[in-house]
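Each chain gets a letter, A, B and so on, in the order its sequence line appears, and its residues count up from 1.
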Amino acid sequence: MTEKKLKVLAASSGGGHWEQLMAMRGAFEGCDIVFATTIPGLLAKYDIRGGLVLPDCSRDSITMSIRCFFTAFSIVIKQRPDVIISTGAAPGLFCLLAGKLTGKRTIWIDSVANVEKLSLSGKLAGHIATLWLTQWQHLSRPDGPHYAGAVL
Amino acid sequence: MILVTVGTQLPFDRLVKSVDTFANELSKPVLAQIGKGTYTPQNMKWIKNIEPKDFDNVFRDASVIVSHAGIGTVLTAKRFGKPIILVPRLAALGEHRNDHQLATVSQLVGRPGIYVANTDDDLRNYLLEELDSPSHEDSSEAGRASLVTYLKNYIMTV
């Protein structure tokens with residue numbers, strides 16, 4: 001009998017957040033992995049099957065943010081991942097929030113673009129994530145975010 | 001071919017216009033992906049948005065990339081081993097919500113294959129030079145491997 005694979009939900013916005021998530025794909029080897037992003041074409045670009053689409057949102061639109069949160073929540077309920085990981089931004093944070101509410105392990109890796117301070121999502125993620133990482137040594141603190149390397 | 005890309009989220013007419021003013025002096029043709037910009041280039045080929053599935057091919061054909069300081073483009077340039085010239089967006093000119101792109105380039109300047117242009121002249125001079133490509137064995141590879149291993153170990157302990 002084979003052991004059940006761990007299921008990972010990896011979610012991020014399109015653009016730089018997504019390229020960073022792709023750059024750390026090696027971390028999910030051997031897992032049952034589900035990707036979610038805000039630009040459908042990015043799933044095809046990386047030959048990802050069974051990927052999911054999240055509505056894009058930002059702090060500028062409350063309606064889109066609510067829609068995004070509910071989509072994130074329904075994805076987490078349906079997919080039942082063991083771990084949820086995100087490189088940002090708001091849509092990824094909502095997936096982590098849904099994960100926290102359902103008692104999952106959650107990982108936040110703040111974008112390497114944030115070199116002076118964490119993003120707003122990154123700061124909020126500190127209250128949610130079970131593993132909270134920055135990609136810059138100088139932004140790490142004893143209570144988190146921690147530094148474990150960077151994609152760039 | 002020289003590829004100019006400004007990302008899909010925000011316009012960056014200053015960069016597009018800047019390259020357009022000296023595009024005729026360059027020895028290679030230029031293709032500009034102008035995104036939400038409204039300036040229409042006169043001296044170079046342009047496209048609103050490159051489809052994600054075509055993006056890799058366009059990148060492969062380019063010899064130099066000119067870009068806003070977006071991490072996605074920096075990572076893609078590195079993946080294809082292409083030199084990249086970065087022009088940071090400035091909040092004071094309404095090009096971004098804040099100056100994080102200035103902060104980003106302050107940490108990237110001097111890395112192999114990455115060039116930072118703070119003025120139009122910088123940009124023009126870089127495009128007239130032969131630029132070095134990023135090396136595949138730079139220190140960032142070790143940083144990436146360390147992050148991936150750390151994440152993998154964390155996931156496995158669940």
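Surrounding CZ of A:R67 are at most 12 heavy atoms belonging to other residues, nucleotides or ligands under 6.0 Å away. Around the NZ atom of B:K17, the shell of radius 6.0 Å holds no more than 12 heavy atoms that belong to other residues, nucleotides or ligands. More than 12 heavy atoms of other residues, nucleotides or ligands sit less than 6.0 Å from atom CD of B:E25.
The contact between A:A113 and chain B is made by backbone and side chain atoms together, counting heavy-atom distances below 4.5 Å. Using a 4.5 Å cut-off between heavy atoms, A:W136 contacts chain B through its side chain alone, with no backbone atom that close. Residue contact with chain A, scored on non-hydrogen atoms closer than 4.5 Å, involves the backbone and the side chain of B:Y154 alike. Only the side chain of A:Y46 comes within less than 4.5 Å of a heavy atom in chain B; its backbone stays farther off. When heavy atoms are compared at a cutoff of 4.5 Å, B:T76 approaches chain A solely by way of its side chain, counted from C-beta outward. Contact of A:V83 with chain B is made through the side chain alone, with heavy-atom distances under 4.5 Å. Using a 4.5 Å cut-off between heavy atoms, A:H138 contacts chain B through its side chain alone, with no backbone atom that close. At a 4.5 Å heavy-atom cutoff, B:E141 makes no contact with chain A through either its backbone or its side chain.
Contact tally against chain A (heavy-atom pairs below 4.5 Å) for B:A145, B:G143, B:S146, B:S140: the top residue is B:G143. Chosen from B:H100, B:Q107, B:M156, the residue pairing most often with chain A at heavy-atom distances under 4.5 Å is B:Q107. Each of A:S119, A:G15, A:G14, A:G26 has some count of heavy-atom pairs under 4.5 Å with chain B, and the biggest count is that of A:G26. Contact count against chain A (heavy-atom pairs under 4.5 Å) is highest for B:V148 among B:V148, B:T8, B:T73. If you tally non-hydrogen atom pairs under 4.5 Å between each of A:G30, A:A27, A:P40 and chain B, the highest count goes to A:A27. The candidate with the highest count of non-hydrogen atom pairs below 4.5 Å against chain B, out of A:T130, A:L131, A:I107, A:L42, is A:L131. Between chain A and the residues B:N153, B:L75, B:T104, the most heavy-atom pairs under 4.5 angstrom are made by B:L75.
Here the side chain of B:E51 pairs no donor or acceptor atom with the backbone of B:N49 at under 3.5 angstrom. Judged by distance alone, the side chain of A:T102 and the main-chain N or O of A:A98 form a donor-acceptor pair under 3.5 Å.
Here CD1 of B:I47 is found 7.5 Å from CG of B:D54. Values are rounded to the nearest 0.5 Å.
Using a cutoff of 4.0 Å between basic side-chain nitrogens and carboxylate oxygens, A:E19 and A:K45 are scored as salt-bridged.
Taking both residues in full, the closest heavy atoms of B:A69 and B:L86 are given as CA-CD2, 4.0 Å, listed atom of the first, atom of the second, then distance.
Residues B:P11 and B:T38 are not in side-chain contact: their nearest non-hydrogen atoms beyond the backbone lie 4.5 Å or more apart.
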Test A:Q20 against A:Q135 for side chain to side chain donor-acceptor pair (under 3.5 Å), laying out the working first.
-> CA-CA 11 Å; A:Q20 291 176 66; A:Q135 297 190 65; 2.8 Å; yes
